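Before any comments, here is the structure.
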Amino acid sequence: MSVYWEGEWVRLFFPEKLRHKMERERGSREWDWSCPHTRRRLEDLYFGERGYIKAGSQESKEFWLFFDRFQRFHNQLKKNKINKDREFEDEKKSKVIDLPKEYDPRYRINVSIVLSRDVERALHGHHREKGHRSRDCADLPTEKLAEFKKAILHYLDFTQKQSFGKLAKLRKERSNLPIFQYREKIIHMVRDHQVVVVAGDTGCGKSTQVPQYLLAAGFGHIACTQPRRIACISLAKRVGFESLNQYGSKVGYQIRFESSRSPATKIVFLTEGLLLRQIQKDSEVPQYQVLIVDEVHERHLHSDFLLGVLRRILPLRPDLKVILMSATINIKLFSGYFDQAPVLQVPGRLFPIQVIYQPVPQEEAASKTEKLDPRPFLRVLQAIDHKYPVDERGDLLIFLSGVTEISSVLEAVQVYATHTQRWIVLPLHSTLSLVEQDKVFDLAPPGVRKCIISTNIAETSVTIDGVRFVLDSGKVKEMSFDPKAKMQRLQEFWISRASAEQRKGRAGRTGPGVCYRLYAESDYDAFAPYPVPEIQRVALDALVLQMKSMDLGDPRSFPFIEQPPMSSIETAILYLRDQGALDANEELTPIGKLLAKLPVDVVIGKMLILGTLFSLLEPVLTIASALSVQSPFLRSATNNPECATARKPLESDQGDPFTLLNVFNEWIQVKSSRSSNSRKWCRRRGLEEQRLYEMANLRRQFKALLKDHWMLEESGVPTRDRHSRQRQHRERKELHQLKRQHERSEKQKRKVLKLQDQDGGSSSDGEERSHADGTESVDIQDVKFKLRHNVEELCASSTGQELSGSQLSLLKLIVCHGLYPQLAVPDSFNSCRKDSDQVFHTKSKQGIVVHPTSVFSSNPEILHVDSGQEEMTVAEETSVDKEGKKLNSRRKGQSTKHQIVGFVSLLETNKPYLVNCMRLPALQGFLLLSRSLDTSADCCRIVCDGWMEINMVDPEAALRLISEAVRLRLAWEKLLKSRLEKTSSVEDFQRGDDRRKKKEIDRLGYDLVDYMRSEVAYSMRRLAALETQNLYVGPQTVVSTPALPGVFGNVDMKLDPVKGGYRATSFLTYNCLLNDTDFYSDCLRSFWTCPNCGLYMPFTPIERMSHQSSCIEEGSVAESEEQNNEMAAVTALHRNYHCDICQKDLMMTSTEILRHKKQHSSETNS
DNA sequence: CTCTCCCT
């Protein structure tokens, strides 16, 4: 310590030359190796740019550690000059400092690599030579330099030997792998054929070895795909390690958001999805020479598609080699798909596993409604306890179908475990927090076994060492897709024989095992041989879209390895056409092209694209990302009251996407504030922080993609002052250092689990793991996050300004526009029902329930129409002179406040559920979003998308609303189209044009918000099946209504040959509804004076509208500057205003507030 | 009154 101080002090207060002199003099008396200055000098001399050891590197730190031990050892030698037993000393020496006992010249390395020329000269006594260089080490005594050099050589010998030893061991391990025997054969096969199939079971070593064999045989640019991200990372690590190339870059991985790839990378492990995106960018993938597709037998959507794409690429790239790797399953299928590609079968290396069939007795078999009976599972635990001595280690892995099943078995097993003190029970499924998931890797104390109760996550994704017993329920939950209702369905099935074998295999990885099957052997024989490939079970929207963008022709005739059902393809095409991604010829539209490039569902992609108009992209980005990742809300926290209260302020009564928006924004604030710990913040609220990190990555990618496709204006990067730039630089340096620190301390020892933590244990469970040496563990995710993102900027852009009321209302419209047609209406009797019995309906599916995780599930009243008096007064005003009967029917259920629910997915488990819901004003939503609107003659009756009927009482208001909807939709469409067209011709948008567009957009945003706020009373009704079949008047021979120019903007109204009436726009047909008994009464003319031109004559309401709109159009004047500003401000300046006089909370701009106040004052004055 | 699992 004192030495350090002295060194520092000297450095600070003495000029350099004098200092060196002092040190030289001191050095001769009392040399100090640990003086930091000396060390720096030595590093400068020896650890240069070209040196083997680089200054400041991990290697240099290791060297200094070695050096200290080396010195200690030498000093000790000097002290005990007595040398009783040389051999003993030698042994001690090698133990103490790990020096090689013998000096084998084979380990020698080329010293010139180590030592730069200058140093060499210095070391050999040339430092007296003339020149500046010689002065460099003049301050260091020659004998000390020689001593140091000796230490370096010792160190290098030592590390050389160490790595040679490692290498030899690794080589031996590698040659013991079953696949090693086939090394030459594989290389020859790949040389001779373009496609080769390598089939080998678990443990044969194919994934790690085949890429290395090929590299060694002279192939380069090898890509190896994996279905899972973690597999890419761990394989790259393993293969890098085997080739002693950990710190080099020959072996790397590349997954979304993370890559260790460099130009020097020869073998890259990447995900199937990522390779597909690369192929989408450049269809001939010139960057690769060899493509290895691993785990093809798993039959994921991506791998099946990838195989199809590869088959198409092969003739275009005759030099490209493709190797399919699979378990020894269904090999003929893969070989046959590639023109009888040669197959190499490699035996696996599993230990023998005893199979015991123990079918569940009839009375314990699960009935549909009851909980899973745990007795058959308990019997197996008992059997293990009886049969196998406690000192024989080996854990138990139970496979169940789902989370509810896990918890019911867990409960019973936990009781047994408490009783016997022989088991530690751990659940495992993907919705568990990552901390909880990691526990399955911890160790049980001696005499205790782990019992891991898992979903099929443990079948392939999570591999747990030390499992000796497997207990297989034989059940699995699988997602399928109902195209009619566009609904996902999660159902339980018997597993396939292939899955049963895979589950069994999990018992024999580290030693002989036992597999208990809770079904009969005859059941097993009756299982399907393989699981249904994903491509045959899921919606193919995204796939078809990607196929179209890759120019793969008609998806109906694409030669998939196994055809998906034709209906799935047809449904997808229809859907994409309906969404405007494909045109009538099934070609990609401009929006379709963009959607194909966005790595999200179509509905999410749509909201992103729509979000680029107006200035609401930031929240849209956040919502889109939030809806694309697993929910950050942990289930385990839902029944924790503390979590519930901590979550409360984050909840939005607008709906779940807005709660997620709040969560992210609040989290970013926590991240940006120096004092708070986001990990703690998340834990308190029961949030999985990983999901928030994923969101941050996603929203950044989305933004970049939108920018790449010219959907964004160049955002003016705020120029920072010098001070903040410096601070940022400093912070980044610190972060990099933390990252390195983490990488160094990487190997965390596995924790030993405690027996029976019984509910007391949870308090310490979530705590960060700190290292054994007491150093604070680095929150590496936080470090990576802060390196990757500019937190300040994120904070400013995403949470900088609170959303105003108008912004929120526009944002809701955008999100719902994206989600369309995923809209549901509340059942009209919901307000009379129990909270848990709230029912909703979509066009294609009735009787749906909001998912219990939704805000609307816990607060259903948000969606209820207030049983208000207010609404009735609106209705009454306009209806004095009409017949009572009709009125009553129309007035029933009239309200200005009906709401509909946009949802992200429709999922059926026990019941059909709406997942991720948000609310939207019903009438405005329907009028602005519906694909088809059909109206009666007076427009009071509107049928939306052929299933929702809306009835208004006031025909004037009805007309106004519809014509305004038409105007807004056409304007919106036009602006979006022009924005999309920018993608093709950048030069087109010149400054002036841009400014005009900007103004139009502002105006549209302003008007949309205004529109969403309009207060018109109406009733809503779902049409019965019979009604939907007899909706239209049909083709008309007599034109009953004249065309009315100007009612719906400038559109031409043409007779609709199918529905009858007039087709005004692609989405609006006027006066086509059958059974409109009120036609004549509503069309009666009454005298009216035009306030604009003074014309006085009899009009029907619609004629009046027509006149008015054309009259106003002629007389329209340019808007005042003030008005313009007001419009531009809509997305920024609307704010909450509470008016004391009318006792209302209003959402208004400052101008509007002024006007509002003025109105009150004029009222009171008069 | 609750959800198999991956991935761009």
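Scope of the values below: all heavy atoms of this structure, side chains included, with no hydrogens, waters or symmetry mates. Note that the structure is predicted; figures quoted are calculated from it, not measured.
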For [X], answer base if it contacts any base atom (sugar-phosphate contacts may also be present), sugar-phosphate if it contacts only those atoms, and nothing otherwise; contact means non-hydrogen atoms under 4.0 Å.
{"X": "A:H300", "value": "nothing"}
{"X": "A:V476", "value": "nothing"}
{"X": "A:S836", "value": "nothing"}
{"X": "A:R635", "value": "base"}
{"X": "A:T431", "value": "nothing"}
{"X": "A:T638", "value": "base"}

Does [X] pair with [Y] as a salt bridge, N-O distance under 4.0 Å?
{"X": "A:R919", "Y": "A:D653", "answer": "yes"}
{"X": "A:K475", "Y": "A:E405", "answer": "no"}
{"X": "A:R299", "Y": "A:E562", "answer": "yes"}

Next item on the list: With sequence neighbours excluded, tell me which residues meet ring-ring contact (aromatic ring centres under 6.0 Å, His included) with A:F785.
Entry: A:W667, A:Y693, A:H789
Next item on the list: For DNA chain B, find the residues of residues 272-285 of chain A with a heavy-atom distance under 4.0 Å and give them by number; none if there aren't any.
Entry: A:G273, A:L274, A:R277
Note to self: List the residues meeting side chain to side chain contact (heavy atoms under 4.5 Å, CB included) with A:A596, not counting sequence neighbours, and say none if there are none.
What the structure shows: A:Q280, A:L545, A:S549
Margin query: Checking A:V409 now: which residues fulfil side chain to side chain contact (heavy atoms under 4.5 Å, CB included) with it, not counting sequence neighbours?
Written below: A:L372, A:F377, A:L400, A:V413, A:I453
Next item on the list: Could you tell me whether A:E411 atom CD has more than 12 heavy atoms of other residues or ligands within 6.0 Å of it?
Entry: no
Next item on the list: Check every nucleotide of DNA chain B for an atom under 4.0 Å from a heavy-atom of chain A, then give the first and the last such nucleotide from 5' to 3'.
Entry: B:dC1 to B:dT8
Check: With sequence neighbours left out, what residues match A:R788 under side chain to side chain donor-acceptor pair (under 3.5 Å)?
Finding: none
Next item on the list: Hey, which sits more toward the 5' end of DNA chain B by its nearest nucleotide, A:Q546 or A:L490?
Entry: A:L490
